[in-house]
Visitor: 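Mind looking over this structure? Questions follow.
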Amino acid sequence: MAESDAQIDAPPPAKEGQSHLYLVDGSGYIFRAYHALPPMTRPDGTPVNAVFGFSAMLVRLIDDLDADHLAVIFDAARENFRNEIYPEYKAQRPEAPEDLIPQFPLIREATRAFNVPCIEMEGFEADDLIATYARLARERGWRVTIVSSDKDLMQLVTDGVDMFDPMKNRPIGRAEVIEKFGVPPEKVVDVQSLAGDSVDNVPGVPGIGIKTAAQLIEEYGDLETLLARAGEIKQPKRRENLIENADKARISKRLVTLRDDVEVPEPLEDLAVRHIDPAGVLPFLKEQAFKRLIARFESEAAQGGSEEGRSAETVAISEAAGADAGYELVQDLDDLKRWIAAAEDQGLVAFDTETTGLDAMRADLVGVSLALSPGRACYIPLRHVGRQPQGDLLGGAPAEEAPKQVPFDAAMALLKDLLENPAVLKVAHNAKYDALVLSRQRNGGIAVAPIDDTMCLSYVLEGGLHGHGLDELAQLHLGHTNIKFEEVCGKGKNQITFAEVALDKARDYAAEDADVTVRLHALLKPRLVAEHMVTVYETLERPLIPVLVAMERNGIKVDPAILRDMSADFAKRMVTLEGEIHGLAGEEFNVGSPKQLGEILFDKMGLSGGKKGKTGAYGTGADVLETLAAEGSELARKVLDWRQVAKLKSTYTDALVESINPDTGRVHTSYSMVGAATGRLSSNDPNLQNIPVRTEEGRKIRTAFVAEPGNLLLSVDYSQIELRLVADIAGIESLRQAFLDGKDIHAQTASEVFGVPLDEMTPETRRRAKAINFGIIYGISGFGLARQLSVPQGEAQAYINAYFERYPGIRDYMDSMKAFAREHGFVETKFGRKVHIQAIRDKNPAMRSFGERAAINAPIQGTAADVIKRAMARLRPALEKADSPARMLLQVHDELVFEVPEDAVEKTAELVREVMEGAAAPTLNLSVPLVADAGWGKSWAEAH
DNA sequence: GTTTTCACG
DNA sequence: GACGTACGTGAAAACT
């Protein structure tokens, strides 16, 4: 049933020769566009936001290749045959907003200007006309796509008929209908008849919503059967309602069922897609002052018409790109000078670097692409090589000479002038990578500035909604599929480096990236203002790019000898432990396999502890083994020891040695600015934000992180920053006072929640309070706290209740975050960063709870992340001003690590502490002081 | 490619 | 009233 249905994915593309009809729900679109788009007016003051959205949508649709028939359908008037069935139908709909009314005729005008059939009919709604056309087209074997997100049209989805949501740019197929209604399209009408619709004034049956309706229809098959057997319903209220309101349900059914037998005014043939005549559409566009669309059709007119209705935009970005008007290959100095002059003239250029690898500290620059405006891009090969000699495959092809390129040093000198020119804005996607590559002497020693980063723009605007890779954004915002890296370089053992790629292929790939970047920039940058995200971008993200470039470039010295010694020791201990484990188990097995271990522990040895998880595998996590060990299982104890050693060896001591850069002798992590939804950074290749510290054993790994001779590592970290923010944000007076007085915060909490005087505090009581304090930050639940504390759930819940009782501000905070997230789909940090929480609207209650906890945590974790980002951005000029020789090396969420000459440590520590403690001000006037503690030593272990 | 486990804040 | 849980990450190894 539903399971197999759900697997049906996006509809297949139209078959060869099959006609494809697009039916646009014009009336529905107007309202949605009006509400979704920010207000716009043309010079004479006429509001046109919906008209603009509509026009842009129509152009996009016509550009779509497989639409050969197209019509826009409108509602003719308010009254139609449904009002005769039920006079109140849609009666209570509010009047359209004042600034929408003048847009109705304009949208019909737009449709005609674009040479698209514009259809409406007295007595019927647009939906009925759509249903009728869909039936007619299907009878001829055509494919139909209904462009609308209106749920009332979902009943029409079937084989060959699907929908497309023009606001969200996503298809609506059978699976999406099931997601919305809980039943497949053919049963949607029955569900709607029961559930009714308060907006359209469809009565339905009282007390039954979509969920219950879907459940009932699933159970009884259809509406009539359900009504006939209503007496069998167990719930008394529901049974009564169904019996009493059977007629209302039947009337509702007549209201929601779409008519597909309307005498349509235009035959299908007349809906064939017609060419857009620039001369016909330009006067209309000019009247509305739609700049972007005007430019587009003017260029089309200049070229003597478009190519088969496809936009110049689409053509330039796809296969025709390389050919005529498309991307240019720059192979001599004069051409390069021409591009650079044009970029300087314009004051803005998008660029992308092509290299030999992903590690910016090791990669060699191979080429650079530039884009000035959509479709106008070039690629400058710099270090391409000829085809490499092929081994003995097919007799071995001989090596070829390197292709013609601008001499490297000459090209880099010119590019350096451009990329360092303060009057030219450089736009890149993940600019940190390109800036770091170019900053290395071998790749030109260029300090790129000023920089805009489309990846950061996307993160700031839509963090939490989707990924921020270039390919994903091209698809999402431009409807364009980028050439894949694999298609150019191959994969697996046959993969070649970009330096070996033939120039025409390299040009198409590289220039496309720059082209897409310049388009995304044009799309995203203006949204900063419209969506009030300028400050977040300009103060928290953009200034961090050069800071992180410097940190990644600095790296940190790691002593391989220390790690190798530890690895050898770990290896020995693992062998010993393995022997002991096999002895205890009575057989040899792979200790590293949770599956085998689970079978040994629970099947063979018969220890208690059940299955879990969808996969049916036994859980053998540390908590499970810890319980078994406490019950006296020596085997479990040994496995725990083995696991710890194995983890330390494989993830840290072995891997870190491999990460040492042979050129610098240091380890250079890479920070992701868009990895964490809350605004935190993340660290990878290698991850230096999770180096062990909690156990004595693991902590030793930090002795291998050292300062150069004559220097020290300085570590400064925020004390309890998240809890301090909670005290401030949730306005908890006693917690606030405790921080002000510098008291033991967990003991204080314990005293107040459990009513124990401070001088009678036991460590256990304090431990519990500490767990609650952390729980608060995570969006506490009785279950979670019980697990953490190993106490019954009821007891944990009692603690939480006591906490809420004592600190009501916490509960208010949690409730308001949940409500805000539900309403807006995101929550905000104190600095205005938006964190989108999609799970908050999930239909699965477990997912929703998850979203609620995330909504509680995100403003706290995110605000802390914002604070340290502000500190990092300010530290650069602050250290410079103080003439400090200190170098920032690492960030670990609430900690910064520096390398400092010995004689400058104390002064630097003081300066860093001041900047970090003052980082929230002046934007945020915290009622709780921020405190940072400093420590230093020869190694990271000593610095704490 | 996904799952499990475990390291950090 | 039932979902099945602490928030946020990344890496290695086993397993599909």
Side-chain angles (χ1 to χ4, degrees), chain A residues 211 464 589-598 612-625 639-640 642-656 658-659 669-672 674-695 697-699 701-702 717-718 720-723 726 771-789 793 796 800 817 827 835 837 839 842-862 864-865 868 890-895:
Chain A
K211 285 201 133 171
F589 69 102
N590 183 352
V591 185
S593 162
K595 186 163 171 265
Q596 293 178 36
L597 175 65
K612 72 160 186 183
K614 310 131 216 172
T615 55
Y618 289 113
T620 66
D623 51 342
V624 177
L625 296 186
V639 171
L640 280 168
W642 183 90
R643 282 233 181 114
Q644 194 196 6
V645 175
K647 175 81 176 179
L648 293 176
K649 181 170 186 293
S650 71
T651 309
Y652 300 104
T653 57
D654 287 353
L656 274 173
E658 296 299 310
S659 299
T669 185
S670 172
Y671 289 100
S672 168
V674 300
T678 52
R680 273 192 180 177
L681 297 176
S682 74
S683 155
N684 57 270
D685 298 306
N687 182 354
L688 294 186
Q689 290 181 322
N690 73 344
I691 301 302
V693 70
R694 290 177 189 170
T695 66
E697 187 89 67
R699 212 189 185 92
I701 289 168
R702 295 191 174 216
D717 68 322
Y718 282 111
Q720 306 275 19
I721 184 167
E722 293 191 351
L723 216 44
V726 168
I772 302 176
N773 277 334
F774 274 101
I776 294 301
I777 295 171
Y778 298 147
I780 204 157
S781 77
F783 183 94
L785 184 64
R787 229 173 94 91
Q788 185 64 34
L789 287 175
Q793 192 170 335
I800 295 171
M817 284 308 117
V827 288
V835 179
I837 314 256
D842 200 288
K843 63 180 166 52
N844 178 340
M847 285 296 292
R848 227 166 31 239
S849 304
F850 179 73
E852 288 176 349
R853 292 194 297 271
I856 290 164
N857 172 259
I860 303 166
Q861 188 182 113
I868 198 167
L890 302 177
Q891 190 249 43
V892 193
H893 309 307
D894 63 0
E895 172 189 13

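This structure is a prediction, so every number in the text was calculated from the model and none was measured. In what follows, chains are A, B, ... by sequence order, proteins preceding strands, each numbered from 1.
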Visitor: For the atom pair CD1 (A:Ile776) and CD1 (A:Ile800), what is the distance rounded to the nearest 0.5 Å?
Guide: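 If I round to the nearest 0.5 Å, the distance is 7.0 Å.
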
Visitor: Considering just the side-chain nitrogens and oxygens of A:Thr620, establish if one lies under 4.0 Å of OP1 or OP2 belonging to B:dT5.
Guide: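 Looking at the OP1 and OP2 atoms of B:dT5, one of them is under 4.0 Å from a side-chain N or O of A:Thr620.
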
Visitor: Look only at the side chain of A:Ser682 and the backbone of A:Gly675, and say whether a donor-acceptor pair between them is shorter than 3.5 Å.
Guide: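 Side chain of A:Ser682 to backbone of A:Gly675: no pair is present.
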
Visitor: Using whole Å, report how far CZ of A:Arg848 lies from P of C:dA6.
Guide: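 So the CZ-P distance, A:Arg848 to C:dA6, works out to 19 Å.
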
Visitor: Restricting both atoms to N or O, compile the protein contacts to nucleotides 9-11 of chain C shorter than 3.5 Å, with distance only.
Guide:
residue : atom : partner  : partner atom : Å
C:dT9   : OP1  : A:Ala677 : N            : 2.9
C:dG10  : OP1  : A:Ser682 : OG           : 2.7
C:dG10  : O4'  : A:Asn687 : ND2          : 2.9
C:dA11  : OP1  : A:Asp685 : N            : 2.7

Visitor: Below the 4.0 Å mark, does B:dA7 have OP1 or OP2 next to a side-chain nitrogen or oxygen of A:Arg694?
Guide: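 No.
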
Visitor: What about A:Gln861, does its side chain sit under 3.5 Å from the base of C:dC7 through a donor-acceptor pair?
Guide: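 Between C:dC7 and A:Gln861, which were checked side chain against base, a qualifying N/O pair under 3.5 Å is present.
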
Visitor: Once you round it to whole Å, what is the distance between P of C:dC7 and CG of A:Leu723?
Guide: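 Those two atoms, CG and P, are 18 Å apart.
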
Visitor: Measure the distance from CE on A:Met847 to C1' on C:dA2 and round it to the nearest whole Å.
Guide: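 After rounding, the reported distance stands at 16 Å.
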
Visitor: A:His893 has a side chain; which of C:dT5, B:dG9, C:dA6 sits nearest to it?
Guide: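 Ranking C:dT5, B:dG9, C:dA6 by closest atom to the A:His893 side chain puts B:dG9 first.
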
Visitor: Other residues, nucleotides and ligands only: do more than 12 of their heavy atoms fall within 6.0 Å of CZ on A:Arg848?
Guide: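 More than 12 heavy atoms, drawn from other residues, nucleotides or ligands, come within 6.0 Å of this atom.
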
Visitor: For A:Phe850 and for A:Pro845, locate the closest nucleotide of DNA chain C by heavy-atom distance; then report the residue assigned to the nucleotide nearer the 5' terminus.
Guide: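 That would be A:Pro845.
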
Visitor: If I take atom CD in residue A:Gln596 and atom C1' in nucleotide C:dA13, what distance separates them, rounded to the nearest angstrom?
Guide: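 Checked: the CD to C1' distance equals 12 Å.
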
Visitor: Given the P atoms of B:dT5 and C:dT5, what is the spacing between them in whole Å?
Guide: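 Going atom to atom, P in each nucleotide, I get 13 Å.
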
Visitor: C:dT5, B:dT5, C:dG8: which one has an atom nearest the side-chain heavy atoms of A:Asn857?
Guide: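 Out of C:dT5, B:dT5, C:dG8, the nucleotide with an atom closest to A:Asn857's side chain is C:dG8.
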
Visitor: Measure the spacing between CD1 of A:Ile856 and CD1 of A:Ile777 and express it to the nearest 0.5 Å.
Guide: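 With rounding to 0.5 Å, CD1 (A:Ile856) is 12.0 Å from CD1 (A:Ile777).
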
Visitor: Rounded to the nearest angstrom, tell me the gap between atom CD in A:Glu895 and atom C1' in C:dG8.
Guide: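 Going from CD in A:Glu895 over to C1' in C:dG8 covers 17 Å.
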
Visitor: Answer with base, sugar-phosphate or nothing: what part of the nucleic acid does A:Ala855 contact at a heavy-atom distance below 4.0 Å?
Guide: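 Contact class for A:Ala855: none.
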
Visitor: Within this structure, what is the CZ-CG distance for the pair A:Arg787 and A:Asp623, rounded to the nearest 0.5 Å?
Guide: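 Output value for this atom pair is 5.0 Å.
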
Visitor: My understanding is that a pair needs two contacts under 3.5 Å, Watson-Crick or G-U wobble. By that rule, which nucleotide pairs with C:dA2?
Guide: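 Pairing partner, where one exists within any strand: none, as none qualifies.
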
Visitor: Could you identify the nucleotide paired to C:dG10, looking across every strand shown and requiring Watson-Crick or G-U wobble geometry with both distances under 3.5 Å?
Guide: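 Base partner found: B:dC6.
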
Visitor: Measuring only the P atom in each nucleotide, how far is B:dT4 from C:dG4? A whole number of Å is fine.
Guide: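 It comes out at 15 Å once rounded to the nearest Å.
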
Visitor: Taking atom C1' of C:dG8 as reference, at what distance in whole Å does atom CD1 of A:Ile776 sit?
Guide: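 These atoms are roughly 18 Å apart.
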
Visitor: Salt bridge check: are A:Glu722 and A:Arg680 linked by an N-O gap of less than 4.0 Å?
Guide: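 Looking at A:Glu722 and A:Arg680, the cut-off is met.
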
Visitor: Examine distances only and state if a side-chain atom of A:Thr620 and a backbone atom of A:Gly598 form a donor-acceptor pair shorter than 3.5 Å.
Guide: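 No: the side chain of A:Thr620 does not pair with the backbone of A:Gly598.
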
Visitor: What nucleic acid atoms does A:Ala622 come within less than 4.0 Å of, heavy atoms only: base, sugar-phosphate, or nothing?
Guide: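 The residue A:Ala622 makes sugar-phosphate contact but no base contact.
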
Visitor: For A:Asp623 and C:dT5, what is the distance between atoms CG and P respectively, to the nearest whole Å?
Guide: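 These atoms are roughly 12 Å apart.
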
Visitor: Verify, without hydrogens or angle tests, whether A:Gln861 (side chain) and A:Thr678 (backbone) share a donor-acceptor contact under 3.5 angstrom.
Guide: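 Not a single qualifying donor-acceptor pair exists.
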
Visitor: Just to be sure I understand the rule, does A:Ile856 reach a base, reach only the sugar-phosphate, or reach nothing, if contact means heavy atoms closer than 4.0 Å?
Guide: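 The answer is nothing, as A:Ile856 stays clear of every strand by at least 4.0 Å.
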
Visitor: Please tell me if A:Arg853 has a side-chain N or O lying less than 4.0 Å from either OP1 or OP2 of C:dC7.
Guide: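 Indeed, a polar side-chain atom of A:Arg853 lies that close.
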
Visitor: Rounded to whole Å, please give me the gap between CZ in A:Phe589 and C1' in C:dC15.
Guide: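 Computing the A:Phe589:CZ to C:dC15:C1' distance gives 17 Å.
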
Visitor: Does the A:Gln689 side chain pair with the main chain of A:Gln891, one donor and one acceptor, at a distance under 3.5 Å?
Guide: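 Yes; at least one donor-acceptor contact below 3.5 Å.
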
Visitor: Categorize A:Ile780 for me: base, sugar-phosphate, or nothing, with a 4.0 angstrom heavy-atom threshold over every strand shown.
Guide: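 Base: the residue A:Ile780, judged by heavy atoms under 4.0 Å, touches a nucleobase.
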
Visitor: Touch check for A:Asp894, heavy atoms < 4.0 angstrom, all strands: base, sugar-phosphate only, or nothing?
Guide: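 Answer is sugar-phosphate: A:Asp894 comes under 4.0 Å of backbone atoms only.
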
